[in-house]
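Proteins get letters first, then strands, A, B, ... in listed order; numbering begins at 1 in each. Note that this is a predicted model, so its numbers are computed, not measured.
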2 protein chains.
Amino acid sequence: MASIKDVAAEAGVSVATVSRVLNEHPSVSADARARVLAAVAALGYRPNAVARSLRTDETRTLGLVISDVLNPYFTELARSVEEEARALGYSVIIGNADERPDLQDHHVRTLLDRRIDGLLVSPTDGGSPLMLEAARGGTPMVFVDRWIPGVDVPVVRADGRTAVRDLVAHLHRLGHRRLAIIAGPAATTTGQERVEAFREALEECGLELPDRYIGQGDFQADSGRRVTEGFLDLAEPPQVVFAADNLMALGALDAVRARGLRVPDDIALAAFDDIRWFVHTDPPITAIAQPTGELGRAAVRALVDRIEGRAPHSVTLPARLVVRRSCGEDPVTNRSQS
Amino acid sequence: MASIKDVAAEAGVSVATVSRVLNEHPSVSADARARVLAAVAALGYRPNAVARSLRTDETRTLGLVISDVLNPYFTELARSVEEEARALGYSVIIGNADERPDLQDHHVRTLLDRRIDGLLVSPTDGGSPLMLEAARGGTPMVFVDRWIPGVDVPVVRADGRTAVRDLVAHLHRLGHRRLAIIAGPAATTTGQERVEAFREALEECGLELPDRYIGQGDFQADSGRRVTEGFLDLAEPPQVVFAADNLMALGALDAVRARGLRVPDDIALAAFDDIRWFVHTDPPITAIAQPTGELGRAAVRALVDRIEGRAPHSVTLPARLVVRRSCGEDPVTNRSQS
DNA sequence: CTGAAAGCGCTTACAG
DNA sequence: CTGAAAGCGCTTACAG
């Protein structure tokens with residue numbers, strides 16, 4: 001592959017001049033520029049980004065470590081992150097942690113070794129030594145969706161509290177009194193928050209959230225299935241199951257179906273995170289929708305602010321309830337939404 | 001950030017010795033090794049992969065350019081690619097082309113500039129000059145899922161011909177005679193092949209595929225919706241719609257639902273590509289499943305073979321029909337499958 | 001406006 | 001076993 005030396009030789013100038021033309025440095029004569037450009041075209045030259053990065057100490061690359069690419073929520077997040085980054089002149093390398101702290105560390109390490117300019121993380125756990133060290137060690141970093149308390153890193157996330165309250169009010173209005181939740185890992189902020197928000201909302205309606213109605217999941221479908229089976233085995237099963245993410249809702253649906261039961265007649269179901277397929281499931285599923293695209297874009301902007309020396313700020317956006325039929329028919333709330 | 005010089009100074013050896021320890025070169029004394037390791041730990045040193053790549057001319061990185069990350073098929077493909085690559089000691093950078101040739105070129109260019117060791121591509125179109133040049137210019141390359149004819153690049157893909165024949169036989173048995181297809185872009189191999197396979201299978205059953213029953217889609221949900229509306233507007237609408245990918249099936253479902261019609265009573269639906277949600281849609285959708293994980297792994301192995309100087313080979317794996325209820329009840333075929 | 005030269009952080013043939 | 005040195009492909013302060 002042609003190097004800058006070849007271009008310089010072909011154009012009859014020094015490599016410095018070639019570099020200046022490539023970087024649009026103003027002080028280059030029109031003649032030199034033309035000759036360089038011709039040589040570049042003739043040789044099909046493309047600058048070596050590796051060499052450039054070594055010299056300039058910037059890679060124009062962002063790392064994004066997410067907990068699970070197969071989760072449509074994160075897929076969409078990743079997509080909006082890449083879009084915004086591209087618009088700002090950055091590439092992004094995605095690391096999929098698969099909800100495994102060891103894999104998460106593997107990716108953080110690899111990304112750091114590659115000297116990415118900044119790191120966007122949705123932590124799988126409470127924060128490994130490596131991640132804490134990176135955050136303190138000056139690597140520009142921003143948390144998206146989930147975060148790690150006690151670390152001085154901006155957080156871009158959605159607040160589902162209001163939407164959860166709307167959901168519980170909706171359920172209460174439909175006559176449901178025994179509400180259960182499939183929780184995410186307690187080591188994640190979203191895992192904790194959604195349970196807390198749910199509990200508070202129940203309290204406002206004068207309802208309790210007994211321990212047997214809190215199932216421990218891990219944001220993956222299998223755990224949703226397992227927890228739901230446990231709920232169904234109870235002497236007094238819940239009337240509603242609220243899954244803290246869309247994959248666990250899928251698992252819950254599997255479990256209900258395997259027993260030959262029907263949603264919402266036998267048991268109601270709702271989920272945190274809305275996905276396109278929820279419109280077409282049997283029945284369509286009531287869900288809490290996050291402004292995913294906005295989150296991704298805001299996270300990139302915050303990170304790039306930090307990288308380029310501006311003050312980054314945390315962002316919290318509201319989530320909203322989308323009522324469908326999986327909790328029963330509600331003549332009051334169930335309008336044109338779908 | 002500490003460099004190899006700092007480590008050398010701290011350990012009281014030359015940078016050459018540090019490098020040897022780090023690369024597990026055999027001729028290093030136990031004493032020197034111990035001192036270097038101690039210095040590495042003390043400084044929290046991590047080798048700069050950018051510098052190493054510049055020197056060794058290898059990045060241990062694979063590029064993967066896919067047509068649409070939001071398509072669950074490609075998400076799963078990307079995941080298996082990353083897994084296999086990681087197992088073989090490579091990282092992967094994903095570029096999402098969003099079915100746009102210009103974006104595809106953008107990613108290919110960026111990846112090439114970064115000097116990735118090899119490129120995995122599922123082309124969005126018939127092949128831009130850039131891609132053809134890369135293929136001919138010696139960049140190790142492998143096509144996955146889709147490919148570009150006339151280029152000497154190994155192809156790893158699924159052959160859906162048999163499964164499509166099984167599908168059509170199933171439909172015929174159910175009494176359906178007017179079958180339509182929502183095709184993918186003619187510029188993609190999968191877009192073409194699926195229509196051809198469908199047409200051939202129909203012929204075997206003595207059925208025709210008239211032009212009005214071939215709708216031109218682009219593998220995105222919106223096109224599935226639009227084409228399906230067209231079908232439903234026909235004086236004699238088809239009895240079955242076969243969507244050439246899962247997203248267009250989603251769009252078709254939207255369109256059918258918007259008209260207040262029911263699947264399969266008013267119109268039957270089947271899709272190429274199986275996804276988890278198809279079990280839970282209303283009704284569950286009959287689909288052709290690709291061995292996606294295997295495809296991703298085989299593609300990586302072929303690419304790494306090529307990179308490391310072994311002879312890569314093309315791989316074709318069979319797809320299979322998964323019968324559900326979206327085409328009507330079939331007492332013969334519809335057994336324990338789901 | 002232009003070029004020679006230094007240097008980014010590594011690896012590796014060469015000499016000892 | 002070890003180190004000095006060259007060099008990967010760039011960018012950029014410096015001198016002219």
Side-chain angles (χ1 to χ4, degrees), chain A residues 1-40 43-61 89 109-117 139, chain B residues 1-40 43-61 89 109-117 139:
Chain A
M1 188 155 288
S3 84
I4 195 169
K5 274 189 201 166
D6 303 315
V7 177
E10 171 87 11
V13 298
S14 71
V15 296
T17 297
V18 176
S19 177
R20 288 196 187 96
V21 171
L22 263 22
N23 293 293
E24 285 166 347
H25 187 98
S27 56
V28 180
S29 69
D31 177 53
R33 170 181 309 273
R35 301 224 308 280
V36 167
L37 260 18
V40 164
L43 299 173
Y45 170 73
R46 292 250 84 216
N48 183 327
V50 174
R52 183 192 301 231
S53 291
L54 178 60
R55 179 56 230 242
T56 60
D57 200 31
E58 62 172 38
T59 50
R60 287 253 132 200
T61 301
R109 205 182 327 268
T110 306
L111 259 9
L112 256 24
D113 286 356
R114 278 161 193 281
R115 302 301 192 263
I116 42 130
D117 293 339
T139 306
Chain B
M1 189 154 286
S3 84
I4 196 170
K5 274 188 198 166
D6 303 315
V7 177
E10 172 87 10
V13 298
S14 72
V15 296
T17 297
V18 176
S19 177
R20 289 198 187 94
V21 171
L22 263 23
N23 293 296
E24 285 164 348
H25 187 98
S27 58
V28 180
S29 69
D31 176 55
R33 171 182 307 276
R35 300 224 308 283
V36 167
L37 260 19
V40 165
L43 299 174
Y45 171 72
R46 295 249 84 216
N48 183 329
V50 174
R52 184 192 302 231
S53 292
L54 178 60
R55 180 55 228 244
T56 60
D57 200 30
E58 62 172 38
T59 50
R60 289 250 129 202
T61 302
R109 201 183 330 264
T110 307
L111 259 8
L112 256 25
D113 286 356
R114 280 163 191 279
R115 300 302 192 261
I116 43 131
D117 294 338
T139 306

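Residues A:R115 and B:N48 meet the side-chain proximity criterion, which asks for heavy atoms closer than 4.5 Å. Proximity of A:R35 to A:E10: side-chain heavy atoms (C-beta onward) are nowhere separated by under 4.5 Å. Side chains of A:V13 and A:V36 form a contact here, defined as non-hydrogen atoms less than 4.5 Å apart.
B:R52 and B:T59 form no side-chain donor-acceptor contact under 3.5 Å, judged by distance and modelled atom types alone. Inspection of the B:S53 and B:D57 side chains reveals no N or O donor paired with an N or O acceptor under 3.5 Å.
At the phosphate of C:dT2, OP1 or OP2 sits under 4.0 Å from a side-chain N or O atom of A:S29. Applying the 4.0 Å criterion to OP1 and OP2 of D:dT11, one finds that A:N23 has a side-chain N or O inside that range. The shortest distance between the side-chain N/O atoms of B:T17 and the OP1/OP2 oxygens of D:dG3 is below 4.0 Å.
Atom pair B:D6:CG and C:dC8:P shows a separation of 11 Å (rounding to whole Å applied). Taking atom OH on B:Y45 and atom P on C:dG9, their separation rounds to 10 Å, with Å as the unit. If you measure from atom CZ of B:R60 to atom P of C:dC10, you get 18 Å, rounded to the nearest angstrom. Put simply, CD on A:E58 is 14 Å from C1' on D:dT12, counting in whole angstrom units. One can place CG of A:L22 at 7 Å from P of D:dT11, the figure rounded to the nearest angstrom. Atom-to-atom, NE2 of A:H25 to P of C:dT2 comes out at 11 Å; the value is rounded to the nearest Å. The distance from atom CG of B:D57 to atom C1' of D:dG9 is 10 Å, rounded to the nearest whole Å.
The partner of C:dA4, taking Watson-Crick or G-U wobble pairs whose two distances both stay under 3.5 Å, does not exist in any strand shown. Base pairing analysis places D:dA13 opposite nothing; no Watson-Crick or G-U wobble pair with both distances below 3.5 Å involves it.
Comparing the P positions of D:dA13 and D:dG9 gives a spacing of 23 Å, expressed to the nearest Å. Nucleotides C:dG16 and C:dT12 have their C1' atoms positioned 16 Å apart, rounded to a whole Å.
For B:R52, the side-chain atoms get nearest to C:dT11 when compared with the rest of C:dT2, D:dC10, C:dT11. In the set C:dT2, D:dC10, C:dC10, C:dT2 carries the atom at the smallest distance from any side-chain atom of A:A32. With distances taken from any side-chain atom of B:K5 to the nucleotides C:dC8, C:dG3, D:dA4, the minimum falls on C:dC8. Distances were taken from every side-chain heavy atom of A:I4 (C-beta onward) to each of D:dG9, C:dT11, C:dC14; the shortest belongs to D:dG9. Of the candidate nucleotides C:dC10, D:dA5, D:dC10, D:dA5 has the atom lying nearest to any side-chain atom of B:A16.
Along DNA chain D, the nucleotide nearest to B:S27 and the one nearest to B:L54 differ in position, and the one closer to the 5' end is contacted by B:S27. In terms of position on DNA chain D, the residue among B:A30 and A:R20 whose nearest nucleotide sits closer to the 5' end is B:A30.
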